[in-house]
Structures are given as C-alpha cells and as structure tokens.
2 protein chains.
Amino acid sequence: MATVKFVQYGLGPIGCGIARHVISLPGYKIVGALDIDPQKVGRDVGEVLGLGRKLNLPVSSDPSVIKRSKAQLVLHATGSRLVSVRRQLFAAINAGCSVVSTCEELVYPSARNPRLAREIDRLARRKGVAVLGVGVNPGFVMDALPLFLTSVCKQVRKIEAKRIVDASKRRLPLQRKVGAGLSVEEFYSKVRAKELGHVGLLESARMVADGLGWKLENLSETIEPVVAEEKVETQFLAVEKGMVAGIKQVAKGTKAGEEVLTLELQMYVGAKDPHDSVLIDGEPPVDAVIRGGIHGDSATVAIVANSIPRVLASKPGLVTVRDLPIVAFAGNLQGRCRANK
Amino acid sequence: MATVKFVQYGLGPIGCGIARHVISLPGYKIVGALDIDPQKVGRDVGEVLGLGRKLNLPVSSDPSVIKRSKAQLVLHATGSRLVSVRRQLFAAINAGCSVVSTCEELVYPSARNPRLAREIDRLARRKGVAVLGVGVNPGFVMDALPLFLTSVCKQVRKIEAKRIVDASKRRLPLQRKVGAGLSVEEFYSKVRAKELGHVGLLESARMVADGLGWKLENLSETIEPVVAEEKVETQFLAVEKGMVAGIKQVAKGTKAGEEVLTLELQMYVGAKDPHDSVLIDGEPPVDAVIRGGIHGDSATVAIVANSIPRVLASKPGLVTVRDLPIVAFAGNLQGRCRANK
C-alpha cells in the first residue's frame, strides 16, 4: 500500500500530539505543517514536535503548502468554531485533500452552521474528498457512544450522558478554558464574552436526536461555575476556596413536553469521581459507565488517527462519525484499509 | 418511502420477539413466516405471535414462501451453527432478500466457516443483497463494543471483556442451555456431545483481533461448570447446592507469547453481580462497565431490528457489524434511511 502523505494543520498541544502519533504509525509520512505562531514558523517540524530529530521540513504559515506538498490528507487542529476555520478547511479541500479535524463544530456542523455545512459538503464532493470532524467530546462520549449503545434498545424514552473531568490532570490551557482560579464575577463576564466554556454540547445533542429520529421542540444550554469548597492546587495554578474550580455545562432537549435528552459536562480542578456515563431509559435499559473517564487529550489524538482509514475509504463529502463504519484502534493502517474493502 | 416487506424465518422465542417488534415499527409489513414446528405450521401468524389479532397469514414450513411473498428482507432466527442454517440462508438470498440473522456463527463467519462465508458472500453479491449476522453476544458486548471503545486509544496492549449473566432472569431454554440443574458429570458429558454452551466466543475473538490488525498465534476456548454454593430456585427449575448453576466459558488469544485477548462469559442462575465489562489496557486505558448487564433476549430483538436500515442501505455481500455505520435505535425507519443517504 502506498504511503499516506499528510499535512498537519495547527501545532498546538493537540495538533502536535496528533502529528507525533501519526508519524509513529506505519504507512504515513508528514509532508507539511502549518501554524501561525511566529515562535514556530520557519523552525523544523521535528524540533517543534519534540521528536529529537529533524524532519528537514519547516513549519509554514502559508496554506499553499498543502497543494505544493502533494498531500492527500490534512489533519486539522486549530479552532473550535467553524466560521473561524472555514478558510483553512477550504484550502485543504481545494488542494484535493481529505480532512480529519478536531474542530468541535465540524463534528456535527448542521447543528449550528447548516449553510456552511452544505457548502463544505458540496466542495468536498466536487473535489472527491471526505471531511470529518471528530474528537472525544464532541465526537464520542456524548454522541457516538450513546447512539451506539441504543442499538440494543427496542425503545428509547430518555438519554442522560455525563462527563465529569478532573481538570487538574489536564493541560494548562484546559484549566484556563474552564475558568479555574477566577472569581464567580469574572467567570460570568468571560462566559458573556464567549471566552469560556466547552463547545460541542449542541453538536452532540443534535447528533443524538437526529440519529434517533427525534424532533426536539427545544434544545437549551446552560453554563455555571463549580465553586471550590476547599483550596485546590494543580501543577499550574491554585484555586482558593470560594473561587471558581471549573464549569458545569448542561444541554437539555425536550420532545412532546418531556425532557428526553440531558448532556452534562463538569470540568473542574479537584473533581472527586471523574467518569463518563450514559444512562438510557429504554427497553432494555442501559446503564454504562467508563470509570475514571476517558482522558480527553490523548483520546482525541487517538480518535483522529484511528478515523483516518475510515475517512480515506469513505465516499466523498462531509461525513460524521454517525456515517462511518465503527472506528476502532488502527495501529495497523494496512490491515484496516484492507478490511474496508 | 415504500414499506419493507419481510419474512420471519424461525418462530422460537427470539424469532417471535423479532417479528412482534418489527411489525410494531412504521414502514414494515410481514408477508410470510417460516417454522418447522408442527404445532405452529398452518396456524395464523398473528396467533402464533400472540398479537391478539389475525394477520390472515399462515405459518409455512416451505421456504419457497419467501420468493412467492415478494419480500425484500428475511429476519432469520433458527440456529447457532452456520452449516445447519446454510440452506435457509441460501433460500433467502436466492429469493432476492437481504438477511438479518441471529445465527451466532454468521456474526463473524470467517472464524469457523471461511469457505462457507465466501460462498454466502459471492451469492449475496450476485443477487445484490446484503447478509448480516448480529445479536447482543456475539455481535455487540464482546466484539463491536470493545472495538468501538478502542477508537479512543493510541495503543492497545490487551483487552478483557466479561459478561456475567444471571440466568435465573432468562427464559427456560437458556437456563437449560447453560446446564442449570445438571450434575457436574452430566454437564461434562453434554459438553462433549456439544449439547451445552454458548456459541460465539470464537467469533467475537476473531472479530476483535481482525479489527485491531492482530494476528493471534493461539486462540483457545474452555468451558466449565459454575457449581451452586447454595440452593437456587428460578421460575422454571431448582438447583441444589453442589449441582450445576451454569457455565463459565472463556476464550483466550495470545500474540507474541502474551495473552492479549480474554473473553469471559458466565451465565448461571443466581449470579450475584450481573454486568458486562470491557477493560482495555491501552493508552489511554478504558474501563467500561454496563451495570446490570444488557438483557440478552430483548437486546437481541432490538439489535436485529435496528440493524435493518443499515443492512438495506449496505453494499451487497456478506457484511459484519464491523463494516456497517454505527447502528443506533431505529424507531423511525424513515429517518434512519434518509440519514444513510
């Protein structure tokens, strides 16, 4: 099987993690890397990734690198909002590349950006490439996993998914993103400025509802602070008692006047019992728990890499995790691609 | 969307459950039913299914009913062994029907019957239909679910799946199938006669190994009795202390000299902590539990019904749950089929 040439678009912690992991897999070759950070542009990719060896490939800030590199795949990890990354995606698609992206809104883009989703779909079909947004959340814990679990149900009345993350075990940007260390007032002012909070609950909720054929009358989202009940210290920061330890964000969907879908995300430093859970009120009921929860950063890197064979084998267009065959660990790219035949 | 006409092949407890459920869904019409039981042949299907109304459709023992009924789908639930149901499957495929079957060996037929699997695949392709074997086990708990969970792993070193079922909550044939009430000697003699035990561990193990690109050097299966430590009574039978309460069946796969795959099924009356679990030693690790376990009978009915839209939208041939897009609850057939486009 020919080597898959890819460009890494975005060299933040997740982007670097993806590139490092995919480079380590047989059958892949990195042929370009893009970032806008002046601290990175021009430096050797191997150095920026911390590989301990040069790749003789400079980090570029110019998306035309994608076309010139003759890549067939772009691994994209730059932003959560589709409008802010749309040009990057267009550049990749126009260069004839399939795309796997961590952009949260791209995981189910019809939720918030239906017109843009159609535009991406049309362009991808025209260029004969597939585009997928994926991650651990959205993309797995609160959407693909609950949907997958409903496959054993004759009836589904209600679904409740929870993800409780101890942010103290995660990187500093994530601790900041959940507001750890802020006062309650600062927290709410940052929420209003959209500088805080998780993007993806609405995407997950829409994917689940559409997957089950549910027409929700109402879908609402709330965000509030989790206040520290005692002082918490992490590797990076300290949160005094009474200050914000993190967020509690909840999406609720109703159908026929009843709340049928609840997605609850708590991410805060010092969370006592981190776990992911899916509770299906159905026939039969399903009460699933992932003890300790799935580690977000490394799981996102994994699911991006594991999705690649499915995306490369997919029909062209904008696809979601709901459209693809079961994505499994794909350490062996060759094996996976054969299996797709 | 046009109505999907189907034939129910096999009217045992599971087959009747499937037919009753699918009849209750919008978009389906039963146009034939097959069984060999003289107690059922000739009677009205509505009566045999306990619908409380006639369907003006007699149960037949003649497979030519499939062709005459102009069905496009056969729901098949007659036996666990592929060799014993092959003619039934051929009849369905030759009549131009796609098939969803509970035949355990059909869930991953290349495990034990590679030649027959190829034969079915060729015939299905020629007839332009898809054939799927599915169920809760094999088909979900010990294969599709573990594979699905590995999608968040960068590395997978070892997988351990367990299913602990309290057989006292299940139907009598299942209590018999696990040997409840036998002496230990009778148990082993029935094992030797292949009258006891679960069919499917090898199928699950092969599906997981192939899905991960693992070449197992060795795959072995053991079966032993679980002996009652105290008297257990069920709705149907009583097991004295020292007699067999059920089975413990374990499949183990090794790779590079290490045990990397363990599938353990315990089904016995009086099991204390019924649950399904999947433990992935990987990066990140995944420790998933379905508390109480998934109820086998109704879940099998559900997953057969929920798979139908995916099978009807599939490319022709023999397919496995590994090849299909995520199967979810499909109460709304129309919605699901549109989503497949």
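First the proteins, then the strands, lettered A, B, ... as listed; each starts at 1.
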Using a 4.5 Å heavy-atom cutoff, which residues in residues 133-143 of chain A come close to chain B?
A:V136, A:F140
Passing option when B:F148 is tested against A:L149, A:L145, A:V327 for side-chain contact (heavy atoms from CB on, under 4.5 Å):
A:L145
Tell me the closest heavy-atom pair linking B:K154 and A:H21, and the distance in Å.
O-CE1, 3.4 Å
Which of residues 294-302 of chain A have a heavy atom under 4.5 Å from any heavy atom of chain B?
A:I294, A:H295, A:S298, A:A299, A:V301, A:A302
Heavy-atom pairs under 4.5 Å with chain B are the metric here; pick the option from A:V289, A:I290, A:V321 that has the most.
A:V289
Set of residues satisfying side-chain contact (heavy atoms from CB on, under 4.5 Å) with respect to B:L279, sequence neighbours excluded
B:E160, B:D287
Is the number of heavy atoms from other residues, nucleotides or ligands under 6.0 Å of A:K255 NZ greater than 12?
yes
Chain A: which of B:C153, B:S307, B:A288, B:G293 shares the most heavy-atom pairs with it under 4.5 Å?
B:C153
Identify, with sequence neighbours excluded, every residue that meets side chain to side chain donor-acceptor pair (under 3.5 Å) alongside B:T102.
none
Other residues, nucleotides, ligands: >12 heavy atoms within 6.0 Å of B:E258 CD:
no
Out of curiosity, A:N306 CG to B:L147 CG, how far, rounded to the nearest 0.5 Å?
11.0 Å
Picking from B:I303, B:I280, B:V286, which has the most non-hydrogen pairs under 4.5 angstrom with chain A?
B:I303
